[in-house]
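Working notes, beginning with the structure itself.
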Amino acid sequence: MLLIVPADPLRPRRPDPHFAPEARAAREAGHPVAVVDHDALAAGRDLARAVAAVPAADDAVYRGWMLSAARYAGFAEALDARRVTLRTGPDQYQRAHELPGWYATAAALTPESRWTVGDDRADFERARAGLGGGPAVLRDWTKSAKHHWHEACFVPELADGDAAWRIASRLRELRDDDFTGGFVLRRFEPFAGAEVRTWWVDGRCVLTGPHPDTPEELPDARLDTDPLTSVVAALGLPFVTADLALRADGRWRLVEIGDGQVSDRPSTVPPETLVAALG
């Protein structure tokens with residue numbers, strides 16, 4: 001396995017400090033490590049130069065900052081020109097990274113959702129009506145603004161169309177150029193504790209730990225990942241994360257699936273553990 005990480009913007013031959021522990025763990029485990037210019041990749045410019053330091057490899061895994069599906073496709077194409085094959089192809093990345101790609105397969109385990117294509121209000125109204133009344137959580141296809149919970153994330157009552165649209169407009173404003181795909185409305189479900197992040201490689205759960213937002217809160221001993229096994233297998237994705245939370249009624253619910261390459265590692269999970277899981 002070749003591990004690819006973003007370069008430090010100030011010292012471009014070295015890994016970005018956020019991913020340096022994983023790069024060091026990979027080298028110590030005998031894996032080669034290469035750096036790329038993430039800013040260039042995210043902007044879609046000078047892609048050949050951005051990946052110029054990456055050697056040929058038939059099994060490469062990226063661990064870095066988030067890229068849009070389109071930018072990831074450009075990244076993969078630039079690597080392919082250097083005879084580098086990413087373990088996760090562009091279509092697989094998009095399926096894991098964007099909620100519409102995985103929702104239908106996981107619908108029984110996750111809050112009911114409706115979404116739009118684009119940010120048009122008429123489409124938002126259709127999605128809102130389709131979900132019905134009650135509270136909801138708002139996001140776009142890849143990310144919420146949960147740190148702005150009351151102004152851009154939590155919709156207290158779907159039946160109040162004007163209030164819901166004000167929250168959607170604020171989300172759109174906050175996400176700005178990073179707004180992806182369209183609005184997603186998810187039926188609100190009360191959770192009883194912190195989220196758990198699970199890591200899956202080739203359909204197997206290889207690591208269970210806290211969510212990066214609550215790194216000190218270890219997973220509940222009652223955690224059961226078995227119901228997710230068939231879902232992850234059906235998605236056919238080589239490296240993903242699945243965030244779970246215990247609902248107030250005692251049932252584990254899937255909060256989100258994400259591509260493992262751009263899912264943050266909690267500070268309390270040793271980098272050596274993740275690298276070993278990736279093989």
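Everything numeric in this text was worked out from a predicted model, so none of it was measured.
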Would the distance check show the side chain of Arg95 and the main-chain N or O of Leu235 forming a donor-acceptor pair, the cut-off being under 3.5 Å? yes
Is the shortest side-chain N to carboxylate O distance from Arg13 to Asp8 below 4.0 Å? no
Salt-bridged, Asp123 to Arg128, with N to O below 4.0 Å? no
Taking the six-membered ring for Trp, are Phe154 and Phe188 parallel (under 30°), tilted (30 to 60°) or perpendicular (over 60°)? perpendicular
Heavy-atom pair with the smallest gap, counting every atom of His38 and Leu67: NE2-CD2, 3.7 Å
For Ala34 against Ala53, the heavy-atom pair lying closest together: CB-O, 3.9 Å
Are the side chain of Thr268 and the backbone N or O of Glu216 linked by a donor-acceptor pair below 3.5 Å? no
His31 versus Val275, closest heavy-atom pair with distance: CD2-CG1, 3.9 Å
Checking the side chain of Arg63 only, and the main-chain atoms of Ser263 only, is there a donor and an acceptor separated by less than 3.5 Å? yes
Chi angles and distances behind the side chain to side chain contact (heavy atoms under 4.5 Å, CB included) call for Val54, Leu79: CA-CA 8 Å; Val54 183; Leu79 288 175; 3.9 Å; yes
Looking at Asp249, I'd like to know if its CG atom is crowded, meaning that more than 12 non-hydrogen atoms belonging to other residues, nucleotides or ligands lie closer than 6.0 Å. yes
Donor-acceptor pair, Thr229 side chain versus Asp226 backbone, under 3.5 Å? yes
Quick one: does Leu278's side chain get under 4.5 Å of Val201's, heavy atoms only? yes
Ignoring hydrogens and geometry, is there a side-chain-to-backbone donor-acceptor pair from Tyr103 to Ser113 under 3.5 Å? yes
Look at the side chain of Asp259 and the backbone N and O of Gln261, then say whether any donor-acceptor pair between them is shorter than 3.5 Å. yes
Take the angle between the ring planes of Phe75 and Tyr62 and call it parallel below 30°, perpendicular above 60°, tilted in between. perpendicular
Looking only at non-hydrogen atoms, find the nearest pair between Asp264 and Pro212 and report the distance. O-CG, 3.4 Å
For the atom pair CG (Leu131) and CD (Glu112), what is the distance rounded to the nearest 0.5 Å? 5.0 Å
Between the main-chain N or O of Leu246 and the side-chain N or O of Arg251, is there a donor-acceptor pair closer than 3.5 Å? no
In terms of heavy-atom contacts, does CD of Glu157 have more than 12 from other residues, nucleotides or ligands at under 6.0 Å? yes
Treating Arg71 as the side-chain partner and Ala42 as the backbone partner, does any N or O pair qualify as donor plus acceptor under 3.5 Å? yes
Looking only at heavy atoms, which two atoms of Leu171 and Ala145 are closest? And how far apart? CD1-CB, 3.7 Å
Donor-acceptor check, side chain of Thr116 to backbone of Phe183, threshold 3.5 angstrom: yes or no? yes
Ala40 versus Arg49, closest heavy-atom pair with distance: CB-NH2, 3.8 Å
Is it true that the side chains of His148 and Glu151 contain a donor and an acceptor less than 3.5 Å apart? yes
Check for me whether the distance between the ring centres of Trp65 and Phe19 falls short of 6.0 Å. yes
Output for pair (Leu86 CG, Leu2 CG), nearest 0.5 Å, gives 9.0 Å
Side-chain donor or acceptor of Arg139 paired with backbone N/O of Trp141 under 3.5 Å: yes
Option among Arg175, Arg186, Arg172 that satisfies the salt bridge (charged side-chain N to carboxylate O under 4.0 Å, His left out) test with Asp140: Arg175
